[in-house]
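Working notes, beginning with the structure itself.
Below, chains carry the letters A, B, ... as their sequence lines are ordered, and counting in each starts from 1.
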There are 2 protein chains.
Amino acid sequence: MQKADLEQLEKNPVLGPLPESARNELLEDSLELELPAGTTLFRQGEDARFLRIVLEGRVALVGSSDHKDETVVEFFQTDDVFIIPAVILELPFLMSAKTVEDSRILMIPANRFREVMEREQSLSLAVARELGRHWRLMIRQVKDLKLRSAPQRLGSYLLSLADTDRKHDEIELPEQRGMLARRLGMTPENLSRAFSRLQSSGVQSRGRLIVLSDIPALREFCAYDDLT
Amino acid sequence: MQKADLEQLEKNPVLGPLPESARNELLEDSLELELPAGTTLFRQGEDARFLRIVLEGRVALVGSSDHKDETVVEFFQTDDVFIIPAVILELPFLMSAKTVEDSRILMIPANRFREVMEREQSLSLAVARELGRHWRLMIRQVKDLKLRSAPQRLGSYLLSLADTDRKHDEIELPEQRGMLARRLGMTPENLSRAFSRLQSSGVQSRGRLIVLSDIPALREFCAYDDLT
DNA sequence: CGGCCGACTTGATATGTATCAATGAACCAG
DNA sequence: CTGGTTCATTGATACATATCAAGTCGGCCG
């Protein structure tokens, strides 16, 4: 493992609070994978044998029911620790996971993680807080799906990437439009239409670059609240 | 506080693992409220000054965006500890909460809970596990909303209340149909239609009593998976 | 340079769900 | 028993989103 990666982990919200010796113990039997975009990391229903951390790149949690087409529930990026619940509860994955760009993934054996967590107060505290944040993200998403239209969901997503204190900002979409559409609960076709709908609220898109020229208007349109 | 309640808390998945002295300390400045159905416990945006536990009754987490009509994100019932994330992260509520039947609610001061959690490994572990379970419930709900139709969501919900190993079972809806409709992401009118749609999969409803006469067929219809 | 391929867009149509309005059933108070 | 209130159902219609089918754009490779 690279020195740069170790330093990165020291600042990680989950692993960072651990004393160095415990962190090293976690890393002992860990492995690091370098994966091209589009690789499946695991499938729903499988047992959680490793905890995963994104060292670099981007991963999507994808779900399917039967053989219908997939949906994306969440993206994880550099420094995110994911599938903690399956690991600590020793339950099978509810979702599959797949890289959306070339990625480096750290895999920590599940039983070792559980051992250290049962011993180290700092880790169980950090895990509790991290899961609290994850839970709130999901709550936001459920509210979005139930209360907002497709264009409003897109607008809220764009706002979450922007500096909402300014009037004007430019952002870059971190994923392909098809994937983004699934994350937002719509088809790619409808994502296109949602973008054109947002033009009247000052949203211009050229490829992955998005220009928000009237953020207050966009907030208004989306009924966006800042609740963290 | 009643003796019966104390015994109940000893078995609680979150507070149970605590040593008795620490549990008593948590209860010291706590208060118990007896509330009629329909009472609002708190509103979204407010600060989380208390952790809540349902001693008896039923509570809905409701959300609204702007002044549109509300949606129900989740129900909590006897023994459930709720809004842990807002309490431990010291963030404002993302949702409001409201009793859906007469309820007794225990309120534990947030700062005291945080103190004890930072000190007691048993509590931070229990909290981590509880939040893991909550997270998985939300994941299920997001998958439901994104992948299934309204009648399928209703069917899955009914299956989650039934003994799915049997062919035939009877269940009782724990809430009014209007509330259930909002929890499932549809209107009350559409819930009615969803029920009639499910008749062909062996679902009969008479008031709050539901008879499932062909559970395998219902599972098939809903593309139901048993992932816990 | 030209042609192919994947990703995105655009338009026409179909479907699911919401909305609106009316009716019916259950419950309670008088 | 009666009238009122609330909640659930039913039907007619409107709207949002999905689906299906072309078409466009841009990058990549021969």
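Rounded to whole Å, the distance from CZ on Arg206(A) to C1' on dA7(C) is 19 Å. Atom C1' of nucleotide dT9(D) and atom CG of Leu180(B) are separated by 15 Å, given to the nearest angstrom. Between the CD atom of Gln152(A) and the C1' atom of dA16(D) there is a distance of 12 Å, given to the nearest Å. Distance CG (Leu173(A)) to C1' (dC8(C)): 13 Å, rounded to an integer number of Å. Following rounding to the nearest Å, Leu147(B) (CG) and dA18(D) (C1') show an atom-to-atom distance of 14 Å. Atom CD in Glu101(B) sits about 17 Å away from atom C1' in dC7(D), given to the nearest Å. In this structure, Leu145(A) places its CG atom 11 Å from P of dT17(D), rounding to the nearest Å. What separates CZ of Arg148(A) from P of dT17(C) is a distance of 21 Å, to the nearest Å.
A salt bridge (Lys or Arg N to Asp or Glu O under 4.0 Å) check over residues 36-55 of chain A, counting only residues at least two apart or in different chains, returns nothing.
The two residues Leu161(A) and Ile171(A) come nearest to each other via the heavy atoms O-CG2, 3.6 Å. Listed here is the closest heavy atom pair of Tyr157(A) and Leu184(A): CB-CD2, 3.9 Å.
Within residues 183-197 of chain B, the residues having any heavy atom under 4.0 Å from DNA chain D are, by residue number, Glu189(B), Ser192(B), Arg193(B).
At a threshold of 4.0 Å, the pair Lys3(B)-Glu7(B) counts as salt-bridged, since one of the basic side-chain nitrogens sits closer than that to a carboxylate oxygen. With respect to the salt-bridge test (charged N to carboxylate O, under 4.0 angstrom), the residues Asp225(B) and Arg140(B) qualify. Under a 4.0 Å N-O distance rule, the pair Arg182(A)/Glu70(A) does not qualify as a salt bridge.
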All N/O contacts under 3.5 Å from nucleotides 26-29 of chain D to the protein, with atom names and distances to one decimal?
none

Please list, for nucleotides 24-26 of chain C, all pairs of protein and nucleotide N/O atoms separated by less than 3.5 Å.
none

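More than 12 heavy atoms of other residues, nucleotides or ligands lie within 6.0 Å of CZ in Arg166(B), so this atom counts as buried by the packing criterion.
Candidate nucleotides dT17(C), dT9(C), dA8(D) were compared by shortest atom distance to the side chain of Arg177(B), and dA8(D) ranks first.
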Exercise. List the steps, then state whether side-chain contact (heavy atoms from CB on, under 4.5 Å) holds for Val54(A) with Asp79(A).
Key: CA-CA 5 Å; Val54(A) 183; Asp79(A) 284 341; over 6 Å; no

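For Phe195(A), there are no ring-ring contact (aromatic ring centres under 6.0 Å, His included) partners, not counting sequence neighbours.
Using a 4.5 Å heavy-atom threshold, the side chains of Glu34(B) and Asp102(B) count as separate.
Checking Gly178(B) against Arg153(A), the closest nucleotide of DNA chain D that is more toward the 5' end is the one next to Gly178(B).
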Listing, residues 55-62 of chain A side-chain donor-acceptor contacts under 3.5 Å, not counting sequence neighbours, or none:
unit_1: Glu56(A); atom_1: OE1; unit_2: Arg104(A); atom_2: NH1; d: 2.5
unit_1: Arg58(A); atom_1: NE; unit_2: Glu175(A); atom_2: OE1; d: 3.0
unit_1: Arg58(A); atom_1: NH1; unit_2: Gln77(A); atom_2: OE1; d: 3.1
unit_1: Arg58(A); atom_1: NH2; unit_2: Glu175(A); atom_2: OE1; d: 2.6

